[in-house]
Number of protein chains: 2
Amino acid sequence: MGGHGHALETLKETGHRLTPQRLLVLEAIAEGGGHMGAEEVLARVQKVYPYMDISTVYRVLGLLEDLGLVTHITTPEGTRYELVRGGERHHHMVCRACGRTWDMSTRFLADLGEAVWKEYRFRADMAHFTLQGICKDCLSADNNPMSGGETP
Amino acid sequence: MGGHGHALETLKETGHRLTPQRLLVLEAIAEGGGHMGAEEVLARVQKVYPYMDISTVYRVLGLLEDLGLVTHITTPEGTRYELVRGGERHHHMVCRACGRTWDMSTRFLADLGEAVWKEYRFRADMAHFTLQGICKDCLSADNNPMSGGETP
DNA sequence: CTAGGTGCAAAGGGTTTGCTACAAC
DNA sequence: GTTGTAGCAAACCCTTTGCACCTAG
């Protein structure tokens, strides 16, 4: 069970029904950890409740997002959803070779966000930030050339 | 006239035919000033050549991208293409409010990539990097609270 | 000439919508 | 009981693909 008890309250307070489907989506996205696609949420829920429909997943995710409980980002791999956790910052580096996720200090993004803010007055959304690349293990494993991958 | 004469050479050198459709797509994307969706490219070309088909647009854009003449980024509003102009490399900031795309100097990501490399030996892939957030216009338009969006 | 490229139509993948039965309150 | 929801199917983008004809080299 994740820390989404607060979410249930929000649902009730805003006059929405507490349906099993909503609980299941909430659980799935809470346990899934990082960014999940709708299809992945569906798969997780269906392990417990096989009748779950993809349209319900989208509707629930949309509702949760309207309530500020979930956000989504657009990536080249498609739309990814995740739980909004108060205060918790999670910046990740995902290795494209081995798929592992590594933690990154918020310091780096603080610098980036601040620099961009000063220069462009653009308020970057760092809440859900994932850097892709190749981790040190995979780099040494095969000396991956990775066309222009270093600092552009 | 756009500076894509170089593109024509690249096409010939790589053994591709110089078709009117390719020239038109090249012109459209050069004159459009970048950040264009396939549909917009199609519209521009069709003003001159109404028979142009969307599938041709995609195929030409794909070819030009393979040749390194064009890049694309993924935004919440869809895929956006732009001409690669020598030297003028940059990254993008996409406003979640108005959907516009803004250019960002590579300098900021260079710093981030380098810092991450030094600290973690993680080789970040900065190609097609897109920062999401709220642009200055939308910030001043309505004083958007943007849940914890500032510099973390 | 002859491969490569185009237009058209149709298929795909992801997301949304209309509808009726159903379940939360 | 009411009304909001879920499931299903079909519609809807956007993008890709198959195929016969056409055209640049």
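Throughout, protein chains are lettered first and strands after them, A, B, ... in sequence-line order, and every chain is numbered starting at 1.
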Legend entry - Whole-Å distance separating the OH atom of A:Tyr51 from the P atom of D:dA9: 13 Å
Legend entry - Per A:Tyr58 side chain, nearest of listed nucleotides D:dA6, D:dC14, C:dT15: C:dT15
Inset, instruction - Without swapping roles, check the side chain of A:Thr56 against the backbone of A:Met52 for a donor-acceptor pair under 3.5 Å. - result: no
Legend entry - Quiz item: B:Arg59 side-chain donor-acceptor pair to C:dG4 base, under 3.5 Å: no
Legend entry - Length of the line joining A:Leu8:CG and C:dA24:C1', which is rounded to integer Å: 15 Å
Inset, instruction - State, without any angle test, whether B:Glu82 and B:His92 hold a side-chain donor-acceptor pair at a distance under 3.5 Å. - result: yes
Inset, instruction - Indicate the ring-plane relationship of A:Phe108 and B:Tyr120, choosing parallel, tilted or perpendicular according to the 30° and 60° boundaries. - result: perpendicular
Legend entry - Heavy-atom closest pair, residues B:Ile54 and B:Ala38: CD1-O, 4.0 Å
Inset, instruction - Would you kindly give the NE2-to-P distance between A:His72 and C:dG14, to the nearest whole Å? - result: 17 Å
Legend entry - Phosphate OP1/OP2 of C:dA23: any A:Gln21 side-chain N/O under 4.0 Å: no
Inset, instruction - Name the orientation class of the two ring planes belonging to A:Tyr49 and A:Tyr51 (parallel below 30°, tilted from 30 to 60°, perpendicular beyond 60°). - result: tilted
Inset, instruction - Report which part of the nucleic acid A:Ser55 touches: base, sugar-phosphate, or nothing (heavy-atom distance under 4.0 Å, all strands). - result: base
Legend entry - Heavy-atom donor-acceptor pair, B:Gln132 side chain to A:Thr74 backbone, under 3.5 Å: yes
Legend entry - Whole-Å gap separating P (D:dC8) and CE (A:Met52): 12 Å
Inset, instruction - Please report, rounded to the nearest Å, how far the P atom of C:dT15 is from the CE atom of A:Met36. - result: 14 Å
Inset, instruction - Do nucleotides 20-25 of chain D as a string where each nucleotide becomes B, S or -: B if the base has a protein heavy atom under 4.0 Å, S if just the sugar-phosphate does, - if no protein is that close. - result: ---BBS
Legend entry - Residues B:Val116, A:Met104; criterion side chain to side chain contact (heavy atoms under 4.5 Å, CB included); working and verdict: CA-CA 8 Å; B:Val116 161; A:Met104 170 173 50; 3.6 Å; yes
Legend entry - B:Gly15 or B:Asp53, whichever maps to the more 5' nucleotide of DNA chain C: B:Gly15
Inset, instruction - Could you check B:Gly78 against A:Thr56 and say which one's nearest nucleotide on DNA chain D is further toward the 5' end? - result: A:Thr56
Legend entry - Verdict with supporting geometry, B:Ser55 and B:Arg59, side chain to side chain contact (heavy atoms under 4.5 Å, CB included): CA-CA 6 Å; B:Ser55 67; B:Arg59 282 189 280 227; 3.4 Å; yes
Inset, instruction - Could you go through the side chain to side chain contact (heavy atoms under 4.5 Å, CB included) check for B:Leu26 and B:Leu8 one step at a time? - result: CA-CA 9 Å; B:Leu26 226 23; B:Leu8 308 187; 3.9 Å; yes
Inset, instruction - Output yes when a side-chain donor or acceptor of B:Glu65 lies under 3.5 Å from a complementary backbone atom of B:His72, and no otherwise. - result: yes
Legend entry - Integer-rounded Å distance: D:dC13 C1' and B:Ile54 CD1: 12 Å
Inset, instruction - Mind checking B:Arg22 for me? I need base, sugar-phosphate or nothing, with any heavy atom below 4.0 Å counting as a touch. - result: sugar-phosphate
Inset, instruction - Could you tell me, to 10°, how much the axis swings from one end of the helix from C:dC1-D:dG25 to C:dC25-D:dG1 to the other, five pairs per end? - result: 30°
Legend entry - Integer-rounded Å distance: C:dT15 P and A:Glu77 CD: 13 Å
Inset, instruction - Take atom CG of A:Leu42 and atom C1' of D:dC8, then tell me their distance rounded to the nearest Å. - result: 14 Å
